[in-house]
Amino acid sequence: MGWGNIYKRRLKVFTVALVIYLDYKTVERRVKWVKRAKKSAIWEKTHERNAKRVLNLIIELKGLWVKLGQYLSTRADVLPEAYISLLKQLQDSLPPRPLEEVCRTIQRELGKPMDDLFSDFVNQPIATASIAQVHRATLKDGREVVVKVQHYDIKEIILEDLKNAKAIVDWIAWAEPQYDFSPMIDEWCREAPKELDFNQEAENTRTVAKNLCCNGLDDNTDHGNRVNVLIPEVILSSEKVLILEYMDGIRLNDSESLEAYGVDKQKIVEEITRAYAHQIYLDGFFNGDPHPGNFLVSKEPPHRPILLDFGLTKSISSAMKRALAKMFLACAEGNHVALLSSFEEMGLKLRLDMPEQVMDVATVFFRNSTPPQEAQETMKNLAEQREKNLKFLQEKMNLDKKQIKNFNPVDAFPGDAVIFMRVLNLLRGLSSTLNTRIVYLDIMKPFAESTLRESMGSGPEMSKQWIFNTPVHSDVEAKLRQHLIELGDKILGIQVCAYKDGKVVIDTAAGVLGKYDPRPVQPDSLFPVFSVTKGITAGMVHWLVDKGKLKLEENIANIWPDFGTNKKELIKVHHVLNHTSGLHNAMADLQMANALLMCDWDESLRHIANSVPQTEPGSQQIYHYLSFGWLCGGIIEHASGKKFQQVLEEAIIHPLNIEGELYIGIPPGVESRLATLTLDTVELEKLAEISSNPELPVSLRQGNLAEMATGLPIIFNTLNVRRAIIPAANGHCSARALARYYAALAIGGVIPPLHSLHSEPPLGSHVHIPKLPSLKTKKKKNGKQMTSNGNSNTDHSSRITTNNKGYSLIDDNANEIAITKTSKMFINPKIHDSFMGLGDYENLVLPGGKFGLGFRRFQSATGKLTTFGHSGVGGSTGFCDIEHDFAIAVTVNKMSMGGVTRSIIQLVCSELNVPLPDEFSSFGEKGPDMQLNLNVS
């Protein structure tokens, strides 16, 4: 194709594009002054004349533009009928190339005369498409075949058309910035040339046939996910000629024949959809061009889809396959956290935080298909949703109408997702063309779930990577890791971190982030820890007392005037910390009526301020399972004059250098590190045995405890709850951040040496409040090259050193890191007594109670009160022993009755010669949360 033809071709393309654009713009202005009754007729005529312009141009130019026309012809769900009726003829009925050209290509490619190859060759093609045409033939051995022959000079034409298409897309993005399809055309430019190599298509065909078990051989595939389709066998191939087994079938656009043969179109489209779900989610290798011309239906019953043309076939990585499956399930379940996490995993970056709008847009791709007659209503609804989202963006970004047109909320779009979305759109168009209704969420869900289940492996005994690859800090940690493997499927994901004598002796992460999230738990993963949060919130109150901002004996109404109503005037700060304020059931009735009320911080504080105590302050110690957080939160904000989150950062996060690994209310941008809660269903039945325990809050005893436990993961996995400030229940942290907190408390608030260098990424290396991609500056990882799992290529070879403390550290120097200055969180020399309600503070706690001032007091077999901390429902815990300078944290995402956590604490305490707290023994007294965590026996 000479330069003259290239420029003529380019000129025709841009001329028609400009004419169509100006035509629609003119009509758009004209109909504003026309009566409603006439608008429809005007638009219909406009669509008809522009559809003819498009068709005529495509037929004249052929090449890539035929592909575009084929794609548009399948979008009956979104395009006007005029385009569909005209463009659908492009699916397989283009004018054929001369027979002489076809024969020359076959003989040149296969190196033999036609008579030596075929006993019969049908001159008239059965189909002519953009790249090739197909003829029926009979081989010398009698086999009936089809011969696909590439058009002469089509390669040069396709490459030129791609340049023109790219230029048009760039021009549209300039003229109408809200319609920027650059990522899509870029991906198409990368993938389309692959269709020109028929050897590659032959290999693709064999691969897909094998994956879908079309060769009739059985494999170990889940039979529930088997698909019933046919794919022709490859006989012979070259770069420009492909010979396939002939299959007698009915074209999908031949409605009369489909009806005559009694074909159930609904079942056919459902099976095609299942075949694509299998290719995408299970195989990671799928045909990217499912337009109606690439399918037949077998004439012999049972009628089965015949899949054709695997030229444009996309291969995706296991990580992308998992991310796409996770995105699908997130949309199916309305899980905003999983959706944002899947975006992060696949490399899709957004410029602003808009979870609700992102869910709306993502769900559009998996919406049910609709018949053509409903397309107009569908487009109207999508347009309204788009306008709504644009308005949200405009308000959030404070942009005017012109600016919002130029604003693209997507910072980076992964190329792999482009073909995936194209396939979904083509499948939806196929369904609409055949007038069927497909529920994609139901059909594709089993395949997406299988992908994630498969990625989980077979548990710790089968997976070498089940324990995250970090070096062992001590002989105790080596024994712990073996113990975790022995616990097997009782664990889904877990972190354990322990300090002894100011040094890290354990920092282990194992398992996966969630039931449908097979990514490994890492040291910096964030776990929801429920009431473990209370110990952190209590520390904030003590920090304010230590700073002189507050007194434990002070009436709360003195610092929080709105609180001093409804007989609460005499409630003091220490009553709240000791769970003796009488407000243990505050807001319980409202929570039952509206569980999401707890996500509204200001409204929750207002309700707490108006609540009425049920018992006299100081008279009874009854666990404040949720109200504790808002009571302490109101005290913290009114005493400090600062926001709760600000005090948390000043008091705990920054002094301990645990940025990015401890939150009460997560910020946007950390979703990809979140562990997802699930429930150990085997132990669920045991909850019925303890639901009548008199020490449980009345609201818990009155309800169905098993039902409430089942609902906890669902509620606390939601984005709204994770982002809310619920200081009694929704802390998110890593075990190493929590252990460091208690290691500091164990020595009176002295900041421990920096966390072990063996832990990677380093503790405190995350930005605490992540910035959006458009505002982010890239930082080097301290000059270290990072590996794919986040570890640097550091030599982990270590030496074991034995001390006189009864345990061995590996590379003891890793903990001896210089600190520029020694600092303390507290200056009160009796801060331990303050935490536990002992000595001078004994009169502030109820005698014989399990709680000190904000912390659960643990007794050991010796009867001494030297240990304090807090556990959470489901199994996570954190505590310290001040006499033995010991601190430990355990975080889990498989909520159970605590057997895993108890066995871990028992092992570690035994190995380190630390007295076992009664909360973790089989027979000692348990705190309220651990009553739900420990086995009843």
Side-chain angles (χ1 to χ4, degrees), residues 10-61 65 68-69 71-73 75-87 164-185 357 360-361 364 370 372-410 425 429 432:
R10 189 172 298 175
L11 182 61
K12 288 176 182 178
V13 169
F14 282 97
T15 300
V16 172
L18 183 60
V19 168
I20 292 174
Y21 174 76
L22 294 176
D23 191 5
Y24 275 109
K25 278 295 182 182
T26 302
V27 174
E28 187 179 44
R29 292 185 175 89
R30 176 186 166 196
V31 294
K32 292 179 180 179
W33 312 101
V34 175
K35 292 182 180 179
R36 184 182 297 272
K38 293 184 177 181
K39 284 185 179 181
S40 180
I42 292 174
W43 277 117
E44 189 173 333
K45 289 181 180 180
T46 304
H47 295 321
E48 286 178 1
R49 65 174 173 266
N50 285 308
K52 288 177 181 177
R53 286 168 176 157
V54 171
L55 178 62
N56 292 335
L57 178 69
I58 289 173
I59 291 176
E60 181 182 357
L61 298 183
W65 302 109
L68 175 61
Y71 174 70
L72 294 176
S73 71
R75 301 311 308 278
D77 55 328
V78 294
L79 280 179
E81 173 59 27
Y83 283 89
I84 305 304
S85 60
L86 285 171
L87 296 180
N164 292 339
K166 170 67 174 168
I168 289 176
V169 166
D170 291 342
W171 172 61
I172 291 174
W174 172 79
E176 303 287 339
Q178 68 271 35
Y179 298 111
D180 186 0
F181 303 110
S182 297
M184 299 181 187
I185 193 63
Q357 288 68 32
D360 288 342
V361 173
V364 165
T370 55
Q373 58 268 26
E374 298 179 22
Q376 189 174 359
E377 186 63 26
T378 300
M379 287 305 298
K380 180 181 177 183
N381 292 336
L382 291 177
E384 289 176 355
Q385 185 63 52
R386 183 176 176 280
E387 287 300 319
K388 182 180 177 182
N389 290 338
L390 280 176
K391 186 176 180 182
F392 170 84
L393 285 175
Q394 187 173 350
E395 293 174 355
K396 188 176 182 72
M397 302 297 294
N398 194 25
L399 303 173
D400 58 34
K401 289 185 178 181
K402 185 176 181 181
Q403 288 173 321
I404 196 63
K405 281 189 174 185
N406 290 292
F407 180 76
N408 186 347
V410 178
N425 286 331
S432 185

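The shown structure was predicted, so the numbers you read here are calculated from the model rather than taken from an experiment.
The CD1 atom of I42 sits 11.5 Å away from the CD atom of E44 when rounded to the nearest 0.5 Å. Rounding to the nearest 0.5 angstrom, the gap separating the CG atom in N50 from the CG atom in D23 is 4.5 Å.
The salt bridge (charged side-chain N to carboxylate O under 4.0 Å, His left out) search around R30 returns none, not counting sequence neighbours. Checked against salt bridge (charged side-chain N to carboxylate O under 4.0 Å, His left out), K12 has the following partners two or more places apart in sequence or in another chain: E60. For F14, there are no ring-ring contact (aromatic ring centres under 6.0 Å, His included) partners two or more places apart in sequence or in a different chain. Evaluation of the side chain to side chain contact (heavy atoms under 4.5 Å, CB included) rule for V16 yields I20, R53, L57 as partners, not counting sequence neighbours. Remark: E48 engages no residue in a salt bridge (charged side-chain N to carboxylate O under 4.0 Å, His left out) (not counting sequence neighbours).
When atom types are taken as modelled, the side chain of N56 and the backbone of K52 share a donor-acceptor pair closer than 3.5 angstrom.
When all heavy atoms are compared, the tightest approach of Y24 to H47 is OH-ND1, 2.9 Å. Listed here is the closest heavy atom pair of A51 and A82: CB-O, 3.8 Å.
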Report the C-alpha separation of L55 and Y83 in whole Å, then their side-chain angles, then the decisive distance to 0.1 Å, and conclude whether the side-chain contact (heavy atoms from CB on, under 4.5 Å) test is met.
CA-CA 9 Å; L55 178 62; Y83 283 89; over 6 Å; no
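Atom NZ of K45 is surrounded by 12 or fewer heavy atoms from other residues, nucleotides or ligands within 6.0 Å.
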